[in-house]
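Notes follow the structure.
Chain naming here is simple, since letters A, B, ... match the order of the sequence lines and numbering starts at 1 in each.
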Amino acid sequence: MMQLGPILKRPFYARPTAEVARALLGQVLVHGLTAGIIVETEAYPGRDDLASHSARGITDRTQVIFGPPGHAYVYLIYGVYECLNLVTEPAGTPGCVLIRALQPVAGIELMRERRPAARSLEDIARGPGRLTMAMAITRAHYGVDVTRGSLVVRGPAEPHSLAIEVTPRIGIRICAERPLRFILRGNRFVSGPRRWAAG
DNA sequence: GGTAGGATGGGCT
DNA sequence: GCCCATCCTACCC
């Protein structure tokens, strides 16, 4: 495993959701032998955002979003793929950040085996369903604490300044204009549009 | 380079 | 019964 910074602690996540989504860019998601730099995120603030799964209150699926920050919210999308979110805000306030794309940095051969459809390094974890396949993250990780254990987020080995771009979120119908998607400018591992579509 | 259509199951009305 | 925070393949420039 490459050298990395310390595990991000709970106070990192106990902040406004959009702020956490922005701050996660450049951090490193680690699961077992695999790791990738987070290059694309989306904020789902929960309150005042009808696009958030938590907008209609606490259910069996959404309960973790209302709990303490720094836990994983994993759900099944289109009956086929799984998406990883990290819970934000203080306990009692809903909010989470969807991890949408990674730049693989460790365990790349293992990721390739898990992603036979990927024809390039860029394709391995470019997309929320793809990155969970590459890193073997499933609904079994629902609710796990990402400040300790095998699934964690670490700081980069060396801090670096990042050019960040903000765009609307991908694949949603309501609240479709809100600028809550964050990407590393010019990064080739980002999914979808790299710029805000001209009006 | 691009897009259209299908797969597939859980959550909610 | 309808709606998805998606991906892959086929096919067309």
A:Arg56 side-chain N/O to C:dC4 phosphate OP1/OP2 under 4.0 Å: no
Check the pair A:Leu121, A:Arg112 against side-chain contact (heavy atoms from CB on, under 4.5 Å), reporting the backbone distance first and the verdict last.
CA-CA 8 Å; A:Leu121 180 61; A:Arg112 281 192 184 279; 4.0 Å; yes
Numerically ordered, the residues 63-75 of chain A set in heavy-atom contact under 4.0 Å with DNA chain C is A:Tyr75
Checklist entry - NA contact type, A:Arg181, heavy-atom cut-off 4.0 Å: base, sugar-phosphate, or nothing? => result nothing
Side-chain contact check for A:Arg173: nearest option of C:dC4, C:dC7, C:dA5 is C:dC4
Side chain A:Gln27, main chain A:Ile38, donor-acceptor under 3.5 Å = no
Between A:Arg114 and A:Thr34, is the side-chain contact (heavy atoms from CB on, under 4.5 Å) condition met? List the steps.
CA-CA 11 Å; A:Arg114 293 167 175 164; A:Thr34 60; 3.6 Å; yes
message = Between A:Asp48 and A:Arg178 (salt bridge meaning N to carboxylate O under 4.0 Å), is one present in this structure?
response = no
Heavy-atom nearest pair, A:Ala18 first then A:Ala43, reads CA-CB, 3.8 Å
Separation of C:dT6 atom C1' from A:Ile99 atom CD1, nearest Å, is 16 Å
| task | For A:Phe12 and A:Val153, run side-chain contact (heavy atoms from CB on, under 4.5 Å): C-alpha distance rounded to whole Å, both residues' side-chain angles, the deciding distance at 0.1 Å, then the answer. | result | CA-CA 11 Å; A:Phe12 177 91; A:Val153 182; over 6 Å; no
Between A:Arg154 and A:Gly5 the two heavy atoms that sit nearest each other are NH1-O, 3.1 Å
Give a yes/no on whether any side-chain N or O of A:Arg100 is located under 4.0 angstrom from OP1 or OP2 of C:dA5. no
From CD1 of A:Ile174 across to P of B:dC12 the rounded distance in Å is 14 Å
Contacts of A:Ala117 and A:Leu98 projected onto DNA chain C by closest heavy atom; the upstream (5') one is A:Leu98
Of the listed C:dC4, C:dT6, B:dG9, the closest approach to the A:Leu76 side chain comes from B:dG9
note: A:Leu50, atom CG; C:dC4, atom C1'; distance rounded to Å ~ 15 Å
A:Tyr78 has its side chain closest, among C:dC7, B:dC12, C:dC4, to C:dC4
- Message: If you compare every side-chain N and O of A:Arg126 against the phosphate oxygens of C:dC7 (OP1, OP2), does one of them come in below 4.0 Å?
- Response: no
- prompt: Are the side chain of A:His71 and the backbone N or O of A:Gly143 linked by a donor-acceptor pair below 3.5 Å?
  reply: yes
When rounded to whole Å, the CD to P distance for the pair A:Glu82 and B:dG10 reads 11 Å
Nearest heavy-atom approach of A:Gly46 to A:Ser54 is CA-OG, 3.2 Å
(message) For B:dG11 and A:His53 - does any side-chain N or O of the residue sit under 4.0 Å from the phosphate oxygens OP1/OP2?
(response) no
message = Count I, L, V, M, F, W, Y as connected when their side-chain heavy atoms are under 4.5 Å apart, and connections chain through other members. Are A:Ile99 and A:Leu162 then in the same cluster?
response = yes
Atom CZ of A:Arg130 and atom C1' of C:dA5 are separated, to the nearest Å, by 15 Å
In whole angstroms, the gap separating P of C:dC3 from CD1 of A:Ile77 amounts to 14 Å
Between CZ of A:Arg61 and P of C:dC4 the distance, given in whole Å, is 12 Å
Using a cut-off of 4.0 Å on non-hydrogen atoms, how would the nucleic acid contact of A:Arg169 be classed: base, sugar-phosphate, or nothing?
-> nothing
Check your understanding: Is the distance from OP1 or OP2 of B:dC12 to the nearest side-chain N or O of A:Thr59 less than 4.0 Å?
Key -> yes
Checking B:dC12, C:dA5, C:dC7 against the side chain of A:Thr62 (C-beta onward), the nearest is B:dC12
Paired runs of 3 or more consecutive Watson-Crick or G-U pairs involving DNA chain C, with both pairing distances under 3.5 Å, are B:1-7 with C:6-12, B:9-12 with C:1-4
Next on the checklist: Does A:Arg185, at its CZ atom, have more than 12 non-hydrogen atoms belonging to other residues, nucleotides or ligands within less than 6.0 Å?
Outcome noted: yes
Open item on the list: Within the 4.0 Å heavy-atom criterion, would you say A:Asp60 contacts the bases, only the backbone, or no part of the nucleic acid?
Closed with: nothing
Atom OH of A:Tyr81 and atom P of B:dG11 are separated, to the nearest Å, by 19 Å
